[in-house]
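Shown next, in structure tokens, is the structure this report addresses.
Heavy atoms only: backbone and side chains are in, while hydrogens, waters and symmetry mates are out.
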Amino acid sequence: MEHITLLIGIVIVTALVFDFTNGFHDTANAMATTISTGALGPRVAVAMSAVLNLVGAFLSVEVAKTISGGIIDEGSGIQPEVIFAGLVGAILWNLVTWLAGLPSSSSHALFGGLIGATVVSVGLDGVNGDAIVMKVLIPAVAAPIVAGIATLAATRLTYRLGRDRSPEDTAKGYRAGQIASAALVSLAHGTNDAQKTMGVITLALVTGNVVAPDSDPPLWVIVSAGLAIALGTYLGGWRIIRTMGKGITDIQPPQGFAAQTGAATVILASSHIGFALSTTQVCSGAVMGAGVGRKGAVVRWSTAGRMVVAWVLTLPAAGLVAGAAALLADQGNAGITAVAVLAVLACGAIWMLSRRKPVDHTNVNEVGTQEPVGAVTAALRSVAPPPAGAASAAPEDDISEHTPEQTPTPAAASSTTR
């Protein structure tokens, strides 16, 4: 076994940076509905999620094995610079979608980056097509649908069971259930997403002959990946939390409980069998299912449509960026340095753009200015009866579709104050 070289060290640091962006990009998966309904304060919610992400990282390594020895052929001759290029593509796509407030898939950004860099560097033979289809593409299509249908049924059952009780009587219990289910989603997120970085670091160690092929991630890899995703989670991806909690549908505590429970079940089951699915897609599908499941609620399909477009673009977009980075990185040390410098400059530019209209824990639940109501939403509103308690909630329920990053008007902000 060889010692860790400078290049492998750079790859490991870059992988942990990706893990960090994964954490704040995907915080919304666990905590958006809990924050939007007021079950937990924003700061408390992200702190709890961070701790449980760290705990979840230690519970399984099945997904890490899928990454390190599944989608990419360890024996195809890929070098550490290829992995570095793949990570750069994934990080930049994560930041672009975070800036737009779109809950795209960090997992698919990583897969797309690794696939794009590998194809450019060593050709199609370096990619395991069967593993991509069976463990990435099929779960990508099936998981949000399964989560949405399960949550729709759970939401309707929840409202049916509580139909003879007043909302005031059930609110406390549902909020407690939301906290418990949000904790379960955070734990599940750690078992799935933290392992992806573990798998990438292990793959880099294999390519550098530091560990043997088919090895489990070393303990220090598990600890560092868990800490990186936990730190990113604690800082909170407030832009995406706003979209998930307020941009898709108006979530009530029973819906939040049903959505989080359904999502956690799907994620944990997938982690157990080694499916490296997108927790973002699962949780987004669950939120949409919760919106459809509540009588009188309306899903903002224009926002959902933008999310789906981002999902479709994630693999190819991250792959194209990573492929370009791989072409440059293959030129030697100067090329690797150029990729690193360009990546840092791009990340800095995205950060500066985000400061123009900052979103944080103080305004995450505010709703943006109105945009024209989509045709699907208008049709649903024309036939759907108002939800229970609509008289008191009318200002909020009547908010039309909006872009999450627009500056809230005073009227909109006051209507969402809890």
Side-chain angles (χ1 to χ4, degrees), residues 4-26 67-68 71-72 76 78-100 102 104-122 126-127 136 193 196-208 221 224-225 228-229 232 237 276 278 310 313-354:
I4 294 177
T5 64
L6 176 60
L7 179 55
I8 294 178
I10 292 173
V11 173
I12 292 171
V13 171
T14 308
L16 294 176
V17 171
F18 166 78
D19 204 24
F20 174 82
T21 67
N22 191 351
F24 75 73
H25 196 278
D26 290 1
I67 303 298
S68 64
I71 63 173
I72 303 299
S76 63
I78 65 170
Q79 299 299 313
E81 54 263 34
V82 177
I83 303 172
F84 172 62
L87 288 167
V88 168
I91 290 170
L92 291 179
W93 183 253
N94 266 359
L95 292 179
V96 167
T97 51
W98 164 76
L99 180 65
L102 291 174
S104 67
S105 170
S106 296
S107 305
H108 288 180
L110 177 60
F111 301 151
L114 290 175
I115 292 168
T118 301
V119 169
V120 167
S121 183
V122 303
V127 178
V136 177
D193 278 41
K196 292 160 189 167
T197 300
M198 297 177 205
V200 170
I201 295 176
T202 304
L203 179 61
L205 295 176
V206 170
T207 62
V221 172
S224 59
I229 199 170
S278 166
L313 291 177
T314 293
L315 273 167
L320 287 172
V321 174
L327 280 175
L328 191 54
D330 281 341
Q331 305 309 310
N333 292 337
I336 295 171
T337 303
V339 171
V341 171
L342 290 173
V344 170
L345 290 176
C347 292
I350 293 171
W351 174 256
M352 292 300 294
L353 287 172
S354 74

dist Leu205:CG -> Ile12:CD1 (nearest 0.5 Å) comes out at 5.0 Å
For the residue pair Phe84 and Ile336, establish whether any side-chain heavy-atom pair is separated by less than 4.5 Å. yes
What heavy-atom pair brings Val339 and Ala325 nearest, and what distance separates the two atoms? CG2-O, 3.5 Å
Closest heavy-atom contact between Ala204 and Val11? CB-CG1, 3.7 Å
Could you tell me which non-hydrogen atom of Ile8 sits nearest to which non-hydrogen atom of Pro80, and how far apart they are? CG1-CG, 3.9 Å
Taking all non-hydrogen atoms of both residues into account, name the closest pair between Val321 and Gly89 and its distance. CG1-CA, 3.8 Å
Is there side-chain contact between Val127 and Leu114, with at least one heavy-atom pair below 4.5 Å? no
Side chains of Leu16 and Ser224: closer than 4.5 Å at any heavy-atom pair? yes
Would you find a donor on one side and an acceptor on the other, under 3.5 Å apart, between the side chain of Ser121 and the backbone of Thr118? no
Can you tell if the side chain of Trp98 reaches within under 4.5 Å of the side chain of Ser354, non-hydrogen atoms only? yes
What's the shortest heavy-atom distance between Gly86 and Ala117, and which atoms? N-CB, 3.8 Å
Could you measure the distance from the CG atom of Leu315 to the OG atom of Ser104? Nearest 0.5 Å is fine. 10.5 Å
Student check: side-chain heavy atoms of Leu328 and Leu342 closer than 4.5 Å: yes
Rounded at 0.5 Å granularity, tell me how far CH2 in Trp93 sits from CG in Leu110. 15.0 Å
Looking only at atom types and distance, does a side-chain atom of Thr14 sit under 3.5 Å from a main-chain N or O of Ile10, one as donor and one as acceptor? yes
Close side-chain approach of Thr197 and Ile229, heavy atoms under 4.5 Å: no
Identify the two heavy atoms, one from Ala85 and one from Ala326, that lie closest to each other, and give their separation to 0.1 Å. CB-N, 3.5 Å
